[in-house]
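Reminder, nothing fancy here: chain letters follow the sequence lines and each chain counts from 1.
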2 protein chains.
Amino acid sequence: MSVDLLRELAAVLPPEALVTDPDVLESHRRDQAGWALAGVPRVLVRPGSTTEVQAVLRVASAHRVPVVPRGAGSGLSGGANAVDGCIVLSLTRMNRILELDRRGLYAVVQPGVINGALKSAAAELGLWYAPDPASWEFSTLGGNLATNAGGLCCVKYGVTGDAVLGLEAVLADGSVVRTGGRMVKNVAGYDLTRLFVGSEGTLGIITEATLKLRPRPPRATTLVASFPTLVGAGAAVTEIMAELRPSLLELMDRTTVRAVEAARPMGLDVNAAALLLARSDAGGEQGVAESTRMAAICEAVGATFVAHSSDEAEGELLMGARRFAFPALERQGSTLLDDVGVPLSRIPDLLAEVERIAGQRGVLIGTFGHAGDGNMHPTIVFDPNDPDAVARARAAFDDILHAVLELGGTITGEHGVGSLKRPFIARQLGPETHRLHLTIKSAMDPLGILNPGKLL
Amino acid sequence: MSVDLLRELAAVLPPEALVTDPDVLESHRRDQAGWALAGVPRVLVRPGSTTEVQAVLRVASAHRVPVVPRGAGSGLSGGANAVDGCIVLSLTRMNRILELDRRGLYAVVQPGVINGALKSAAAELGLWYAPDPASWEFSTLGGNLATNAGGLCCVKYGVTGDAVLGLEAVLADGSVVRTGGRMVKNVAGYDLTRLFVGSEGTLGIITEATLKLRPRPPRATTLVASFPTLVGAGAAVTEIMAELRPSLLELMDRTTVRAVEAARPMGLDVNAAALLLARSDAGGEQGVAESTRMAAICEAVGATFVAHSSDEAEGELLMGARRFAFPALERQGSTLLDDVGVPLSRIPDLLAEVERIAGQRGVLIGTFGHAGDGNMHPTIVFDPNDPDAVARARAAFDDILHAVLELGGTITGEHGVGSLKRPFIARQLGPETHRLHLTIKSAMDPLGILNPGKLL
């Protein structure tokens, strides 16, 4: 059976697209979610075209063998982790930008194109591909689509799904569907584009995407503010969002600020409860006016220090502190990076809950993230060689997810469910909505071969 | 059987929620799509709660009776038209704003709330509900959601679906699902919110929605430009969109301008091939700078007249011409209002095709619409008492849809497929994608009772 599988795959794929070398398989077993389980794949396929993806899925269907798609493997939820005996389907060879249309404001790309490569190509036309997950320099657009990846710019420009005009996807049975198109507005039929985006490879394999490009926004002005209380920082976020449209609104808590300052001293206020970073890209005088107004709001709700700058170098320096948040925490031990979301008004409650959990479990948790979207990354730091510490870290991770659900939030704002958070999905969705997920999944993938054990 | 149906509905609904009066039924048979077919309903139900909607769907399932949901009946594609023997389910009694949260930036509403009522309620908190279909003063949010309604502001602020955080919907079997939540970012599970939005009542009945509110944008500056050629106007649209983010970008062709000027003389250039209206709400100096830049772009691509104004009254006067486009065309005869979309770069081709079709069929077609989104409304004007003119108008309507598909466009940008464009949907989607629609429809509504004969 397994020999048949390989023979049949070899019959439909060029030799370079079929890999059974154990070392290569080993390097394609998992993504970046440290402690999510991963099985041992039977084979790695690296198709070069939609037709080859179709052929792989037909063989997989015939043998009822699971197919686990992957891009760069930079995911953070185990969504690309292998299951035993599966076909790992890497899309990295399908890495061409097929079309870049300045007048139509779109790009047509294969799933293996790196996010940053599209950004560069768009910039050459004076345009911008907005979505900017932290991994933008090495993650693939296919992976961004499969997880509906977020990033820093979402607060003004939306998530990956908001930048998608249309898709081509191969279904479990090998048939090809095309959704959407090159039009901005289109209500002909169900929004299947959005159904595939964020479905983590469980409904189909995305083989092409038409993505929206935008004009590049004006140069941003940057603001930093520190707050003596979490409630004050939370109030600044809600007041700014109720009045203005910042192009970025990020928060770092005290633990995170201290980690950054410890690794790269830059004079951040290590006694503040939280630091807020905000940007306006409204442009020119209006950008300055918005920054000034944001500064005034921060002061009015009790910020102890506020500074803003239209200078690009200074702005980048401040942004550097935020970008260094996770690496700085990583220097202090092993980490469990979480990704949760709450309604905007509940940010202070979330931060307070995380503090409570850190105390109760006796663990260090640094929290940072996209405050303007209510999407935060509590990051548990622990000693991997201390079994008790590991157990407490895992318990804290679960505690955070439970707390978030109590706050009316989500167990994942931008990283995805994958295998890591699968035990929590039914609880967030509730039985009827979970059942509807299963209904759609079994209608579209009746043999259950597409990325089993993920998301649902 | 029919007597049983009524008796069972009477058992689960209060008396005022069950209507069999033929005159009332007659007034609930159709929406505003003049020539879409409409059947004769058996009964009208007007539930007051989700529980009552569930009860109706359980009875309908038991009897396998079609259910046709409707809001204000302002739809333009026959999506709310009755089928023979159906239950018409009006959501207009479920018209409460349940929650309005300034700090969370969301509103929780029932489907029967009028769009304008939410706008007003949000304005009282200094906030803004962005989606603005032309019918905003009388259409319901439920109808807006079911059709994924568009409007003038979409070019910067997106369509109805972009303003939805979460939904409650009743499925065909009477079960209730909740999608999304009150969080801005959320990737836990499939994007079922977007699956329901725009599904025209064929997958479930939306009984509650959590909608995104925003800060009110700064006051807009308004620009008008007239072009001697369609190509020039199209070039202005693509150049503006590649460089700036207008808050509105509308086009009227010569036939439309002449109709407006004939009904309400206001000195518009009746010899121009097209008139462009644009707005910037970047605010203050930046708004003026953007308008000035848009004016320069228009001049550079050959506009013969350009004027812009930051004066609100002047801006409203110019906008009045655009808002009057359809009423002005209606004064010249009966109308077939179409709604098509093309990639941004194909707008001049679309306008040229419409001109060609008008000539070939010997009909008058005025085209106006949301140029910045590539979403236009060619409107065929004809004499309803001349059977030959009626036939030619219908033929032209079909010609336009065929032409749009040839241009890689969509048969509907914002009005929906309904029953009017159902004959064209399979052609746009292609056989595989159409089949996937049917797969999802039968999985979610196995008895086919939800708004049959619409969309698919």
Side-chain angles (χ1 to χ4, degrees), chain A residues 101-105 147-148 150 154 159 175-179 181-191 194-195 198-199 215 238 241-244 282-286 289 341-345 373-375 408-414 416-417 425 428-430 432-433 436-437 439-440 443, chain B residues 101-105 147-148 150 154 159 175-179 181-191 194-195 198-199 215 238 241-244 282-286 289 341-345 373-375 408-414 416-417 425 428-430 432-433 436-437 439-440 443:
Chain A
D101 190 315
R102 182 178 171 278
R103 289 175 61 228
L105 287 180
T147 54
N148 196 8
C154 306
V159 293
S175 62
V176 177
V177 294
R178 296 193 72 92
T179 72
R182 289 163 192 203
M183 310 73 81
V184 181
K185 279 165 81 181
N186 175 20
V187 293
Y190 301 144
D191 193 345
R194 289 288 190 139
L195 188 61
S199 67
T238 53
M241 290 302 293
E243 202 178 302
L244 300 156
E285 306 266 337
Q286 184 67 10
V342 289
L344 267 187
S345 51
D373 289 318
N375 177 204
T410 176
I411 57 169
T412 174
E414 60 180 17
V417 177
I425 186 71
Q428 177 168 335
L429 298 178
E432 291 83 5
T433 306
L436 178 54
H437 276 73
T439 300
I440 290 169
Chain B
D101 190 315
R102 181 179 174 277
R103 290 174 63 226
L105 287 179
T147 54
N148 196 8
C154 306
V159 293
S175 62
V176 176
V177 294
R178 296 193 71 93
T179 71
R182 290 162 192 204
M183 310 72 83
V184 180
K185 280 165 80 179
N186 175 20
V187 293
Y190 301 144
D191 193 344
R194 289 290 191 140
L195 188 60
S199 67
T238 53
M241 291 301 294
E243 202 178 302
L244 300 157
E285 305 268 335
Q286 184 67 10
V342 289
L344 267 187
S345 51
D373 288 319
N375 177 204
T410 176
I411 57 168
T412 173
E414 60 179 16
V417 176
I425 187 72
Q428 177 168 335
L429 298 178
E432 291 83 3
T433 306
L436 179 53
H437 276 72
T439 299
I440 291 169

Taking side-chain contact (heavy atoms from CB on, under 4.5 Å) as the test, write out the residues that go with B:V159, two or more places apart.
A:K185, B:N148, B:C154, B:D162
Evaluate the side-chain proximity of A:T179 to B:L436: yes if any heavy-atom separation is below 4.5 Å, no if none is.
no
Taking all non-hydrogen atoms of both residues into account, name the closest pair between A:R103 and B:L344 and its distance.
O-CB, 3.6 Å
In sequence, state the C-alpha distance, the side-chain angles, and the governing distance for A:T433 and B:V176, and then conclude on side-chain contact (heavy atoms from CB on, under 4.5 Å).
CA-CA 8 Å; A:T433 306; B:V176 176; over 6 Å; no
Would you mind telling me which of A:E414, A:M241, A:H437 has the largest number of heavy-atom pairs within less than 4.5 Å of chain B?
A:H437
Interface check, chain B: of A:G283, A:G150, A:G181, most non-hydrogen pairs under 4.5 Å belong to A:G283
Nearest heavy atoms of B:A188 and A:I411, plus distance in Å:
CB-CG1, 4.1 Å
Which answer fits A:N375, side chain, backbone, both or neither, if we ask what part of it has an atom under 4.5 Å from a heavy atom of chain B?
side chain
Based on non-hydrogen pairs under 4.5 Å, which of B:D191, B:I425, B:L429 is most in contact with chain A?
B:D191
Can you name the nearest heavy-atom pair linking A:L244 to B:P215, along with the distance?
O-CG, 3.4 Å
Residue selection (most heavy-atom pairs with chain A, distance under 4.5 Å) from B:V187, B:T439, B:T238
B:V187
If you compare all heavy atoms of B:A242 against all heavy atoms of A:R102, which two are closest, and at what distance to 0.1 Å?
CB-NH2, 3.8 Å
Among A:E432, A:R194, A:R182, who wins on heavy-atom pairs under 4.5 Å with chain B?
A:R194
What option among B:G198, B:G409, B:G430, B:S345 has the most heavy-atom pairs under 4.5 Å with chain A?
B:S345
Where is the tightest heavy-atom contact between A:N186 and B:Q428, given as atom of each residue plus distance?
OD1-NE2, 3.5 Å
Give the minimum heavy-atom separation between A:G189 and B:V417, together with the two atoms involved.
N-CG2, 4.0 Å
Those residues that, when tested against A:T147, pass side-chain contact (heavy atoms from CB on, under 4.5 Å) (two or more places apart):
A:A149
